[in-house]
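In what follows, chains carry the letters A, B, and so on, assigned in the order in which the sequence lines appear, proteins first and then strands, with residues in each chain numbered from 1. Here the structure is a predicted model, which is why all the values come from computation and not from measurement.
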There are 2 protein chains.
Amino acid sequence: MTQGTAKAARTPAVSRRAVLDAATRLVEAQGVAGLSMRKLAAELGVAVTSIYWHVGNREALLDELVQEMVHGLDALSPSGPDPTTRVLSLAVGLRRVLRDHPHLIGLVNERGLTPAMFLPSERALAAEITAAGLTGARAAEAVRAVQYHVIGFVLVERHTDRSPEQRPSAEELWQAELAAPPPAGAADSALARALAAPVDADRLFEISTGALVRALLAPSPPARET
Amino acid sequence: MTQGTAKAARTPAVSRRAVLDAATRLVEAQGVAGLSMRKLAAELGVAVTSIYWHVGNREALLDELVQEMVHGLDALSPSGPDPTTRVLSLAVGLRRVLRDHPHLIGLVNERGLTPAMFLPSERALAAEITAAGLTGARAAEAVRAVQYHVIGFVLVERHTDRSPEQRPSAEELWQAELAAPPPAGAADSALARALAAPVDADRLFEISTGALVRALLAPSPPARET
DNA sequence: CGCCGGGTGTAACAGGGTTACAGAAGGCTT
DNA sequence: AAGCCTTCTGTAACCCTGTTACACCCGGCG
């Protein structure tokens, strides 16, 4: 179904490509929830059934979008002199790609394509972490730790980005904390002031990822000595 | 609107509490998307408008649910002898609570209540990190790094949990990697085998969080010296 | 007694995904 | 050339969603 292998009969009003492009545009503009088959048809000046003809389904349409977007993740190559900075460069690149397609993670999540999506970066990470001297299960844990950290970070970022009006914002909450002097445990006013400031996501990512990677690639075993 | 302060006239068919409880049940069972006002009304044996009378809105209803659930996050207390293990215990507790309410994060996210939700844990983390010797901006960065890490980890976990059928599972992908010997960079077969195994989330969380916290609380400054 | 107001129900609106069905138009076979 | 077959489009409907205008019931109060 959907196209087959024969040639086009009449000159089509829309093509599968046009539908996919318009859908991409809609998703990028209004999010996944903003993609409706009727809106799509209206934007293309076409009846809804034509959409259904070219891409069979809303699910299938999203599937296709995800497949296309995921291919943008293949070109991740590390850079830097030592393994630590190379792993960090991979993490930074992965975050950048994920941030550039904010709806990608959600889509991939709904479609259950997460493993396939992250295989390329997983492979690159594995190579660098092997080069750093880790092997076997230790290396696998390090790979996954970095992956989870980066993906999770972007997910949190996306969450905070998507809610423009925070009822009691973190800033307000911590400024209230500053007002009431020392009844709770907020003794360090500099800390409270810093927590009242908005998050510098770039810097935070650099710091936390750097700390994680350095600790993971350190020679000492991951068990703590009290 | 919605109740006011007067006494009940006739014996009401449903109460605000009953609506909230039924809604909680529905959300826990079928997720946020599974909560529809009509389903809710049907389950309570009542017309839709009654739902609207007691809780004004779907948004308001979800708001209320979130408020109730968030209060379950207040009781997080650290345990352990040294700051590192105490911070780790906070991280573990936060992850446990979040995992126990899988829909909580999504709800809170949609409602923009994330800062309020995580203020208690933020406060506890700040206290422990201060006790570890960090101050001011450094301490704030550490607090947020741990927070982002834990929340992100749970988000990733939730994502992987919610998709039961992964088209090409990570296991299959890495086993295919094992079959083709050394054309790509997958030299370490033990690593590939480890990556082909399913993720042990508990262990991974312990390892990655431990590494992160230990690196963050280490005396050396977070800037890397190339 | 009549009025007021809390609480409920009926029915409708707009907007979503999806599809049964009819039709148009070119390519192909006979 | 006639006719069928396939591709593609449009109309109209079905069922779902959130939401609301309106009428209604019924206990308390003046």
message: How many whole angstroms separate atom CD1 of B:Ile51 from atom P of D:dT17?
response: 13 Å

field: B:Ser50 side-chain proximity, nearest of D:dT9, C:dT8, C:dT18
entry: C:dT8

query: Which pair of non-hydrogen atoms, one from A:Leu216 and one from A:Ala145, has the smallest distance, and what is that distance?
result: CD1-CB, 3.7 Å

message: So, OP1 or OP2 of D:dT9: does either fall under 4.0 Å of a side-chain N or O from A:His54?
response: yes

- request: Would you kindly say whether B:Ser208 and B:His149 are connected by a side-chain donor-acceptor distance under 3.5 Å?
  value: yes

message: When the axes are fitted on five pairs at both termini, how much does the helix from C:dC1-D:dG30 to C:dT30-D:dA1 curve, in 10° steps?
response: 30°

message: Could you tell me how far apart A:Arg16 (CZ) and D:dT7 (P) are, to the nearest whole angstrom?
response: 14 Å

query: Pick the nucleotide of DNA chain D nearest each of A:Val46 and B:Asn57; which residue has the one closer to the 5' end?
result: A:Val46

message: Please list, in numerical order, the residues of residues 34-41 of chain A that have a heavy atom closer than 4.0 Å to any atom of DNA chain C.
response: A:Leu35, A:Ser36, A:Met37, A:Arg38, A:Lys39

message: Under 3.5 Å, is there a donor on one side chain and an acceptor on the other for B:His54 and B:Ser15?
response: no

- line: Sorted by chain and number, sequence neighbours left out, side chain to side chain contact (heavy atoms under 4.5 Å, CB included) with B:Thr49 holds for B:Ala47

query: Who pairs with A:Arg25 by side chain to side chain contact (heavy atoms under 4.5 Å, CB included), at least two apart in sequence or on another chain?
result: A:Asp21, A:Ala22, A:Glu43

query: Rounded to the Å, how far apart are A:Gln30 CD and C:dG16 P?
result: 10 Å

- prompt: What pairs with A:Arg95 under side chain to side chain contact (heavy atoms under 4.5 Å, CB included), at least two apart in sequence or on another chain?
  reply: A:Arg99, A:Val150, A:Phe153, A:Val154, A:Glu157, A:Ala201, A:Asp202, A:Phe205

query: Distance-only, no hydrogens or angles: does the B:Ser121 side chain make a donor-acceptor pair with backbone N or O of B:Phe118 under 3.5 Å?
result: yes

- prompt: C:dG7 P sits how many Å from B:Leu44 CG, rounded?
  reply: 16 Å

message: Does C:dG7 have its OP1 or OP2 closer than 4.0 Å to a side-chain nitrogen or oxygen of B:Trp53?
response: yes

message: Let's go through A:Glu64 and A:Arg58 carefully: what are the C-alpha distance in whole Å and the side-chain angles of both, what is the deciding distance for salt bridge (Lys or Arg N to Asp or Glu O under 4.0 Å) to 0.1 Å, and is it a yes or a no?
response: CA-CA 10 Å; A:Glu64 203 69 20; A:Arg58 186 172 190 267; over 6 Å; no

message: Which residues pass the side chain to side chain contact (heavy atoms under 4.5 Å, CB included) test with B:Ala23, not counting sequence neighbours?
response: B:Leu35, B:Leu40, B:Leu61, B:Leu65

